[in-house]
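A quick note: this is a predicted structure, and the numbers were derived from the prediction, not measured.
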Amino acid sequence: METSSKIIQERDGKLNVPDVPIIPFIEGDGIGPDVWTATRTVIDAAVEAAHGGIKKIAWLEVYAGEKGHQRTGEWLPEETLETIREHRVAIKGPMTTPVGGGIRSLNVAIRHKLNLYACIRPIKYIDLVPSPMKHPEKVDMVVFRENMEDVYAGIEWERGTPEVERVIRFLQSEMGVSIPEDAGIGIKPISEKNTKQLVAKAIAYAIDNKMPTVTLMHKGNIMKFTEAAFRNWGYEVAEERFGDQTITEAELFDKYQGVQPDGKVVIKDRIADVMFQMVLLRPDEFHVIAAPNLNGDYISDALAAQVGGLGMAPGANIGDDCAVFEATHGSAPKYAGLDKVNPSSLILSGAMMLEHLGWKEASQSVWEAVRQTVRSGFVTYDLARQIEGATEVSCSGFAEQIVKNIRSET
């Protein structure tokens with residue numbers, strides 16, 4: 001580790017980033033080592049190109065997932081969580097979670113234990129990436145997904161257990177609710193506090209980045225006291241904290257005759273099923289989307305499909321105290337160690353991390369170099385088989401081509 005490296009501090013609610021910050025990383029399972037190596041290569045090259053060696057990252061490996069279990073006997077060691085808390089910013093590759101049993105999602109556990117209440121996923125089209133859309137270039141949105149509650153809270157009871165039988169008896173006898181005896185049951189909490197902190201972060205992002213609208217996505221026509229409450233609390237926090245910088249969609253038409261005034265962000269809402277139609281039919285009408293956990297998961301993956309799939313979609317989990325940047329796809333164990341898969345998701349998540357640090361020039365160079373690399377047709381197998389005349393390269397070869405483009409920019 002660099003002798004001049006230091007831990008990122010916080011001052012007056014903002015990150016105080018040294019020239020050589022120590023940033024923990026989790027390599028990840030399956031394809032994790034492949035995509036992490038590619039990402040580290042690109043991020044280091046971008047920082048070097050932007051800052052000429054004055055700034056650099058001192059990487060610190062911490063362990064979770066399969067590697068964590070092999071080394072410590074724990075899937076998510078407390079030491080790893082404490083290191084991330086102390087250093088405030090971290091990045092991680094994909095981690096494996098069994099479906100239907102075994103350990104719970106490590107991704108969800110990290111978000112809960114570190115109070116990373118906002119999952120932020122920018123969805124933006126990169127030229128030549130195959131898309132099912134006629135005009136994928138119109139897709140340019142940032143999804144703010146609430147991370148702490150909804151059905152992802154993990155409050156559920158298995159069919160036929162004594163616990164679920166007690167819940168069913170209570171609901172039947174005390175609440176007058178009819179539930180089949182052979183049902184499994186899950187609880188869907190949505191709270192005012194968690195909703196407002198998520199929506200406030202989404203609105204602040206829209207203001208800071210001069211994005212014209214924030215849309216509250218919900219299924220409030222059916223779930224009156226959870227998802228409709230999310231909608232109502234969203235409007236409330238807009239008025240409470242950003243009243244001089246926001247207007248509602250109703251005010252836009254009633255007060256401003258549909259002409260958006262300068263310096264105002266429009267707050268609107270859409271029912272979830274309608275939203276899925278609208279992002280296909282009129283995607284350019286949406287910019288920032290704030291959604292409860294499940295809706296946010298669905299819509300961010302659906303939008304990623306419109307611009308080429310999860311392999312091209314970056315993501316971050318951010319709270320008030322720390323942030324973890326991650327690939328949005330899974331660990332794809334059948335491709336592990338083959339140096340084959342597309343590392344763009346984690347590379348672009350690294351670009352988000354650089355922007356979070358305030359190193360915007362390096363961040364922008366990563367995005368532009370990825371665009372140039374795809375445009376040039378030097379792509380991994382997933383894209384090469386769909387782009388006419390493309391040259392298929394390995395995971396590491398793709399990273400090397402991105403680095404060449406970064407260096408050619410300077």
Next on the checklist: Can you tell whether the side chains of K340 and D34 come within less than 4.0 Å, N to carboxylate O?
Outcome noted: no
Checklist entry - Counting only heavy atoms not in E388, do more than 12 sit closer than 6.0 Å to its CD atom? => result no
Checklist entry - Which residues satisfy the side-chain hydrogen bond (donor to acceptor under 3.5 Å, both in side chains) test with E66, sequence neighbours excluded? => result none
Checklist entry - How about I168 and I185: do any of their side-chain heavy atoms sit closer than 4.5 Å? => result yes
Item to check | From CA spacing to verdict: side chain to side chain contact (heavy atoms under 4.5 Å, CB included), R145, N293 | outcome: CA-CA 5 Å; R145 168 191 172 193; N293 210 329; 2.8 Å; yes
Next on the checklist: Quick check on Q260: does its CD atom have over 12 non-hydrogen neighbours (other residues, nucleotides or ligands) under 6.0 Å away?
Outcome noted: yes
Next on the checklist: Check this for me, if you would: do E48 and K55 make a salt bridge, where the nitrogen-to-carboxylate-oxygen distance has to be below 4.0 angstrom?
Outcome noted: no
Item to check | F276 atom CZ, neighbour heavy-atom count above 12 within 6.0 Å | outcome: yes
Item to check | Basic-acidic side-chain contact under 4.0 Å: R166, E163 | outcome: no
Check residues 309-330 and write down every donor-acceptor pair under 3.5 Å in which the side-chain atom is one partner and the other belongs to a residue at least two apart or another chain.
{"from": "N317", "atom 1": "OD1", "to": "R111", "atom 2": "NE", "distance (Å)": "3.2"}
{"from": "N317", "atom 1": "OD1", "to": "N147", "atom 2": "ND2", "distance (Å)": "2.8"}
{"from": "N317", "atom 1": "ND2", "to": "E326", "atom 2": "OE2", "distance (Å)": "2.9"}
{"from": "D320", "atom 1": "OD1", "to": "Y117", "atom 2": "OH", "distance (Å)": "2.7"}
{"from": "E326", "atom 1": "OE1", "to": "K92", "atom 2": "NZ", "distance (Å)": "3.1"}
{"from": "E326", "atom 1": "OE2", "to": "R111", "atom 2": "NH2", "distance (Å)": "2.9"}
{"from": "T328", "atom 1": "OG1", "to": "L310", "atom 2": "O", "distance (Å)": "3.4"}
{"from": "T328", "atom 1": "OG1", "to": "A313", "atom 2": "O", "distance (Å)": "2.8"}

Item to check | Cationic N near anionic O, under 4.0 Å, K188 to E149 | outcome: no
Checklist entry - Between K196 and E192, is there a side-chain N and carboxylate O pair less than 4.0 Å apart? => result yes
Checklist entry - Under the side chain to side chain contact (heavy atoms under 4.5 Å, CB included) criterion, do Y63 and W75 qualify, and how do the steps go? => result CA-CA 8 Å; Y63 304 103; W75 294 98; over 6 Å; no
Next on the checklist: My understanding is that only residues two or more places apart in sequence, or in another chain, count here; which of them pass ring-ring contact (aromatic ring centres under 6.0 Å, His included) with H135?
Outcome noted: none
Item to check | Any side-chain donor near an acceptor of the partner, N295 and E227, under 3.5 Å | outcome: yes
Next on the checklist: Just verifying a value: how many Å separate T248 OG1 and K255 NZ, rounded to the nearest 0.5 Å?
Outcome noted: 9.5 Å
Item to check | pair N194-S191: side-chain heavy atoms closer than 4.5 Å | outcome: yes
Next on the checklist: Counting only heavy atoms from other residues, nucleotides and ligands, does the tally under 6.0 Å from CD of E239 exceed 12?
Outcome noted: no
Checklist entry - Can you tell me how far CG of N342 sits from CD1 of I31, rounded to the nearest 0.5 angstrom? => result 9.0 Å
Next on the checklist: Can you give me the closest heavy-atom contact between L128 and V374, atom names plus distance?
Outcome noted: CD1-O, 3.7 Å
Next on the checklist: Just checking Y205 against F144, ring centres under 6.0 Å apart?
Outcome noted: yes
Item to check | Working for side chain to side chain contact (heavy atoms under 4.5 Å, CB included), residues N16 and I8 | outcome: CA-CA 6 Å; N16 181 23; I8 296 170; 6.0 Å; no
Checklist entry - Are any of the side-chain nitrogens in R270 or E249 under 4.0 Å away from the carboxylate oxygens of its partner? => result yes
Checklist entry - NZ of K268: more than 12 outside heavy atoms within 6.0 angstrom? => result yes
Checklist entry - Which is it for F398 and E392 under the side chain to side chain contact (heavy atoms under 4.5 Å, CB included) test, yes or no, and what are the steps along the way? => result CA-CA 9 Å; F398 184 67; E392 181 177 333; over 6 Å; no
Item to check | Salt-bridge criterion met for D29 and K67 (N-O under 4.0 Å) | outcome: no
Checklist entry - Between T39 and F25, is any pair of side-chain heavy atoms under 4.5 Å apart? => result no
Next on the checklist: I need the minimum non-hydrogen distance between P21 and W359, along with the two atoms involved.
Outcome noted: CD-CH2, 3.6 Å
Checklist entry - Hey, are the side chains of D12 and K14 touching, using non-hydrogen atoms and a 4.5 Å cut-off? => result no
Item to check | Exercise: do D269 and H218 side chains pair donor with acceptor under 3.5 Å | outcome: yes
Checklist entry - Aromatic rings Y381 and Y335: how do their planes relate, parallel, tilted or perpendicular, breaks at 30° and 60°? => result tilted
